[in-house]
Amino acid sequence: MPAARESLLDAAYKALARRPWSAVRMVDVAAAAGVSRQTLYNEFGSKEGLARALVRREADGYLTGIERALTTHGDARERLTATAEWTASTARENALVRAMLTGCWGERLPSPTLTAVPSSSAVPAQRRADGPLPSPGDFVALVRDRAVTVLSGPGTPKPETAELARSCELVVRLALSCVAAPPGEGGVADLVRSALPRQLTP
């Protein structure tokens, strides 16, 4: 992602932490990023385009963290526990991720339509942002399917893959419940470990 675009998204994210999206002004975002307002409009087209790009970036960041959790830990139970912990902690710290995962946007946040919008942008990253944005159900499916792909080996029998998919979806949904109602002592990890079978297939 070009540096100017990333700086503008950083500036928009910081502005959103201080004031409602309705009060975030394009001129202030451009000034905070150290670029002209024209550069901002060239990159995003409009404030709605900026909102879509910001939501897309935070969604991508969340999914990158999921990928890390699934590939840098020990056995399948540990990887799924790390996935749930990443989901809950990221949603706790990032209001946009929390809104995307729960569908509860609130009046302080931008709430772009999840369907694709017409795009005439010459900027490839903006054309992608103008495409469909993931719904809460899409995130459940994306994380579940990625977990199944990472955790199952080639040639895994269908019944075992189906059982693994159920366990992966259970973990994602448990993590989302922890976003809505944070767990007590022991946290997300204890909930996930108690819900998963001792030996995950495959």
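Between the OG1 atom in T90 and the CG atom in L101 there is a gap of 8.5 Å [rounded to 0.5 Å]. Considering CG of L151 and CZ of R79, their distance stands at 6.0 Å, rounded to 0.5 Å. Once rounded to the nearest 0.5 Å, the distance linking CD of E48 with OG of S111 reads 8.0 Å. To the nearest 0.5 angstrom, L114 atom CG is 8.0 Å from D138 atom CG. For the atom pair OG (S89) and CG (N94), the distance works out to 10.5 Å, reported to the nearest 0.5 Å. Note that the CE atom of M100 and the CD atom of E58 stand 6.0 Å from one another [nearest 0.5 Å].
Scanning both residues, R52 and P112, for their nearest heavy atoms gives CG-CB, 3.8 Å. In terms of heavy atoms, V188 sits closest to P183 at N-CG, 3.7 Å. Contact between A95 and L109 at its shortest, heavy atoms only, is O-CD1, 3.7 Å. For A129 against A53, the heavy-atom pair with the smallest separation is CB-CA, 3.7 Å. Considering all non-hydrogen atoms of both residues, A30 and L8 come closest at CA-CD2, 3.9 Å. In terms of heavy-atom proximity, R56 sits nearest to P134 at NH2-CD, 3.9 Å.
Under the side-chain contact (heavy atoms from CB on, under 4.5 Å) criterion, A195 pairs with L170, L174, not counting sequence neighbours.
Contact of the L80 side chain with the C168 side chain is registered, since non-hydrogen atoms from C-beta on lie closer than 4.5 Å. Two residues are said to be in side-chain contact when any heavy atoms from C-beta on lie closer than 4.5 Å; L191 and C178 meet this criterion. Considering only heavy atoms from C-beta on, S36 comes within 4.5 Å of T39 through its side chain. Residues T81 and E78 are not in side-chain contact: their nearest non-hydrogen atoms beyond the backbone lie 4.5 Å or more apart.
Criterion: ILVMFWY side-chain heavy atoms under 4.5 Å apart, direct or through other members. Under it, M26 and V24 are part of a common hydrophobic cluster. Hydrophobic clustering (side-chain heavy atoms under 4.5 Å, transitive across Ile, Leu, Val, Met, Phe, Trp, Tyr) groups L70 together with L63. Under the 4.5 Å side-chain heavy-atom criterion for Ile, Leu, Val, Met, Phe, Trp and Tyr, W105 and L54 are members of the same hydrophobic cluster. Placement of V97 and V179 in two distinct hydrophobic clusters is found when ILVMFWY residues are connected by side-chain heavy-atom separations under 4.5 Å, directly or transitively. Under the 4.5 Å side-chain heavy-atom criterion for ILVMFWY residues, no single connected hydrophobic cluster contains both L96 and V117.
A donor-acceptor pair shorter than 3.5 Å cannot be found between the side chains of S7 and D10. Between the side chains of Y62 and T87, at least one donor N or O lies within less than 3.5 Å of an accepting N or O.
Distance alone, capped at 3.5 Å, is enough to place a donor-acceptor pair between the R77 side chain and the L196 backbone.
A cation-pi geometry, defined here as NZ or CZ lying under 6.0 Å from the six-membered ring centre and within 45° of its normal, does not hold between R108 and W21.
Between D130 and the choices Q126, R128, R127, the side-chain hydrogen bond (donor to acceptor under 3.5 Å, both in side chains) rule is met once, by Q126.
Using a 4.0 Å cut-off between charged nitrogen and carboxylate oxygen, R166 and E163 count as a salt-bridge pair.
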Inset, instruction - Please report the C-alpha distance between E6 and R57 in whole Å, then the side-chain angles of each, then the deciding distance to 0.1 Å, and finally whether the salt bridge (Lys or Arg N to Asp or Glu O under 4.0 Å) criterion is met. - result: CA-CA 9 Å; E6 191 64 25; R57 182 182 77 163; 2.6 Å; yes
Inset, instruction - Apply side chain to side chain contact (heavy atoms under 4.5 Å, CB included) to R5 and V123, showing your working. - result: CA-CA 10 Å; R5 185 178 179 87; V123 179; 3.8 Å; yes
